[in-house]
Amino acid sequence: MISKTQRIEKFNSAITRQRAGQKRVAAGMVAMTGMSGRRMYAWLGPLLGILLVGLLCLMPLMAVAAAEQDSSSWYESELDVTGSSKGAEGTNRRTPRETVRNFVALTEAGEYERAADFLNLADLPPSERVARGSDLARQLGLVIDRQLWIDWAGLSARPDAMRDQGSANHPLAGQARRDIGLKMVKVKGQAYEIRLGRYKSEEAEPVWLFTPQTVENIPILYRAFGPHRFEVYIPTPLKQRLGGLRLWEWFALPMLLCVLLGLGFLINRMIRWLGHKAKSPVLRQAAEKTRIPLALVAMAIAAQLFIKLGVSFSGPATNIVRPLLVIIIVSGLGMTVLKIIDAVLNRVTLRMIGEIDDTRSIKKRELYTSIYALRRVVVLVMVAASVIVVLIRLNLFESLGITLLASAGVVTVLLGIAGQAVLGNIMASLQIALAKPVRIGDSVLFEGNWAYVESIFYTFIRLRTWDERRIIVPVKYFISQPFENWSVKDARIMKTITLFLDHRADITLLREVFIELAKQDEGVIDHHTLAANVTRHTRGGQEIAFYAMSPDPSTAWAMAMRLREVMLDHVRTHHPDWWPSERIDADDVNARLAAAAKETSGPSAD
């Protein structure tokens with residue numbers, strides 16, 4: 001074994017060797033550092049020289065790139081167009097919002113010469129800019145007053161017009177803009193836009209002006225949306241503004257509404273009178289169904305003609321009345337077409353099928369169901385076409401495109417929550433129309449009610465019971481519940497007539513009588529299916545069931561009533577002893593009497 005002294009000496013020698021190794025490593029590092037330091041100082045001078053030369057060469061390129069980046073935020077223009085005045089009161093044009101606000105204020109005040117400074121007149125000859133500039137400013141001011149409902153919050157207050165509000169996923173978010181659109185209008189099928197652009201000359205700051213294209217289109221827009229023929233007769237005091245509208249507009253709008261209501265009432269009565277005079281049932285039904293939609297369409301068209309030829313309302317009224325009239329016209333025409341199709345389909349149905357019930361063939365019931373499915377398809381197509389026409393007429397596709405894409409998820413969630421019941425019923429209705437598990441005219445047993453399927457609508461099914469009651473059932477609920485369709489393959493139905501008779505009743509004799517009587521009944525078909533059997537028996541008697549086939553449930557019900565009556569009459573007349581009677585067991589009676597006597601005599605004496 002190693003003694004304690006030897007272990008201590010061995011440990012001290014290991015410590016000494018470790019320290020010697022550390023000293024050798026430190027010496028080597030000092031030597032390497034000295035060598036690398038001398039090399040570093042040798043290369044440092046040339047390296048700094050190269051970096052300095054490169055930096056001097058890159059500075060012009062960086063300046064050119066910065067200039068190009070700045071120039072992408074504006075258009076280069078002449079000094080005469082942009083002007084050299086800075087900060088003049090009422091003529092600031094640094095941002096889109098300032099330009100529109102000051103231009104509108106100047107045109108409303110009648111200072112058209114100063115308002116001309118907000119137009120880019122570069123396309124006009126210099127000699128005509130002063131003379132025509134004020135007149136163009138006046139015309140554009142009237143067009144903006146008549147057609148624009150300015151969204152001041154939507155106009156940028158930044159010189160670079162960068163979007164600093166809204167979604168960060170917007171395609172233009174974080175980008176400087178040098179032109180923006182204010183309004184897109186259509187004149188005789190051609191689109192014209194009122195736009196602002198950012199322009200800069202060499203000796204002036206960038207300013208926002210109405211673009212040369214907008215200036216070029218001002219005469220066209222003024223002829224289309226400027227003052228109309230009857231406005232010259234309006235007194236000047238009534239042209240003052242009150243609450244965003246001129247005074248005369250507050251009187252004209254209610255009067256126009258009253259006149260249009262009267263016109264709609266007259267057209268409604270006239271169409272009704274023409275319908276009564278018509279000889280064709282289709283025309284009478286179509287006139288009765290379409291008189292209200294046609295009256296609305298006539299009212300909207302008359303209002304549009306009045307606005308187009310008579311007077312021109314201000315921007316707020318125009319932006320409310322014009323879309324409303326377009327929606328009324330499109331929806332009214334769609335409802336008119338739908339009502340006419342309904343009238344034709346009803347007439348065709350009555351002529352080809354007649355009153356629908358389960359006595360009709362399967363093909364006729366399927367045809368009737370297909371007609372209702374066609375009506376639903378027509379409704380969907382008309383609604384979709386109306387929405388598309390409204391969007392096109394109001395130029396909403398461009399403005400709604402990004403919004404719809406951004407809000408598609410939100411709309412989907414809202415429709416899934418709020419419209420779950422409606423959408424579920426519509427999908428169930430389309431499922432019935434395609435798969436046809438039930439058809440119009442089918443006889444069904446639903447929750448204990450025997451009824452006919454009278455109508456299948458988008459969201460509900462109307463059932464007509466045998467006693468002429470109407471049961472309204474949501475389509476989704478109807479499909480999700482089990483029901484018996486007695487007409488799914490064939491309207492025929494086997495009816496069961498049950499009698500309860502005494503054990504002495506002869507089933508063989510009753511079977512012969514039933515078959516003979518059933519063959520004489522007009523409501524019985526397939527005589528080979530006639531049958532009679534004992535289905536149950538008890539102590540008091542036996543249950544006898546008679547079976548007969550009928551062409552449809554309605555006939556079967558009446559047939560069963562008649563056969564039950566004649567069978568009861570046969571038993572009553574020929575075998576009255578077959579009626580069930582209550583039997584008493586004599587032994588049981590004696591036992592009960594003995595027990596009763598024992599109870600009345602009391603306990604026996606000891």
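None of these values were measured; they are calculated from a predicted model.
When each of H276, K277, R269 is paired with W273, the side chain to side chain contact (heavy atoms under 4.5 Å, CB included) condition holds for K277 and for no other. Residue E454 forms a salt bridge (charged side-chain N to carboxylate O under 4.0 Å, His left out) with just one option from R464, R469, R439, and that option is R464.
R272 contributes atom CZ, which lies 10.0 Å from atom CD1 of I292 (distance to the nearest 0.5 angstrom). Atom-to-atom distance recorded for N449:CG and L463:CG is 8.0 Å, nearest 0.5 angstrom. Atom CG in L501 sits 14.5 Å away from atom NE2 in H537 (nearest 0.5 Å). In this structure, CG in L517 is found 11.5 Å from CD in E512, a value given to the nearest 0.5 Å. Interatomic distance, M494 CE to D526 CG, rounded to the nearest 0.5 Å: 8.0 Å. A distance of 12.0 Å separates CG of L510 from CG of N533, quoted to the nearest 0.5 Å.
Using modelled atom types, no side-chain atom of N485 and backbone atom of D442 make a donor-acceptor pair closer than 3.5 Å. At least one donor-acceptor pair under 3.5 Å links the side chain of D506 to the backbone N or O of T508. Of the possible donor and acceptor atoms, none in the side chain of Q542 sits under 3.5 Å from a partner among the backbone N and O of F500. No donor-acceptor distance shorter than 3.5 angstrom exists from the side chain of R562 to the backbone of D521, with no hydrogens or angles considered.
In this pair, F478 and F446 present their aromatic rings tilted. The plane angle is within the 30 to 60° band. In this structure, W578 and H575 have parallel ring planes: the angle between them is below the 30° cut-off, well short of the 60° mark. Between F546 and F514, the two ring planes are tilted [angle within 30° to 60°].
A560 approaches K495 most closely through the heavy-atom pair CB-CG, 3.5 Å. Across every non-hydrogen atom of S550 and A556, the tightest pair is OG-N, 3.1 Å. Of all non-hydrogen atoms in A302 and L260, the two that sit nearest each other are CB-CD2, 4.0 Å. The two residues T290 and T336 come nearest to each other via the heavy atoms CG2-O, 3.7 Å. Of all the heavy atoms in R564 and M561, the pair that sits closest is NH1-CE, 3.2 Å. For A278 against R284, the heavy-atom pair with the smallest separation is O-NH1, 3.1 Å.
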Could you walk me through whether L568 and W579 pass the side-chain contact (heavy atoms from CB on, under 4.5 Å) test, one step at a time?
-> CA-CA 10 Å; L568 290 174; W579 293 119; 3.9 Å; yes
side-chain contact (heavy atoms from CB on, under 4.5 Å) assessment of D577 paired with D502 | CA-CA 8 Å; D577 54 325; D502 190 80; over 6 Å; no
Checking salt bridge (Lys or Arg N to Asp or Glu O under 4.0 Å) for the pair E288/R291: CA distance, chi angles, key distance, verdict?
-> CA-CA 6 Å; E288 182 64 27; R291 54 193 179 92; 3.2 Å; yes
Begin with the C-alpha distance, continue with both residues' side-chain angles, and end with the deciding distance and a verdict on side-chain contact (heavy atoms from CB on, under 4.5 Å) for L563 and V524.
-> CA-CA 10 Å; L563 290 181; V524 178; 4.2 Å; yes
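Residues I544 and T498 have side chains not in contact (no heavy-atom distance under 4.5 Å, counting atoms from C-beta outward). Put simply, the side chain of L499 reaches to within 4.5 Å of the side chain of M567, judged on heavy atoms. Two residues are said to be in side-chain contact when any heavy atoms from C-beta on lie closer than 4.5 Å; M299 and L261 meet this criterion. Counting only heavy atoms from C-beta outward, the side chains of V297 and M335 never approach each other to under 4.5 Å.
Other residues, nucleotides and ligands contribute more than 12 heavy atoms inside 6.0 Å of the CD atom of Q520. Enclosure of atom CD in Q481 by more than 12 non-hydrogen atoms of other residues, nucleotides or ligands within 6.0 angstrom is indicated.
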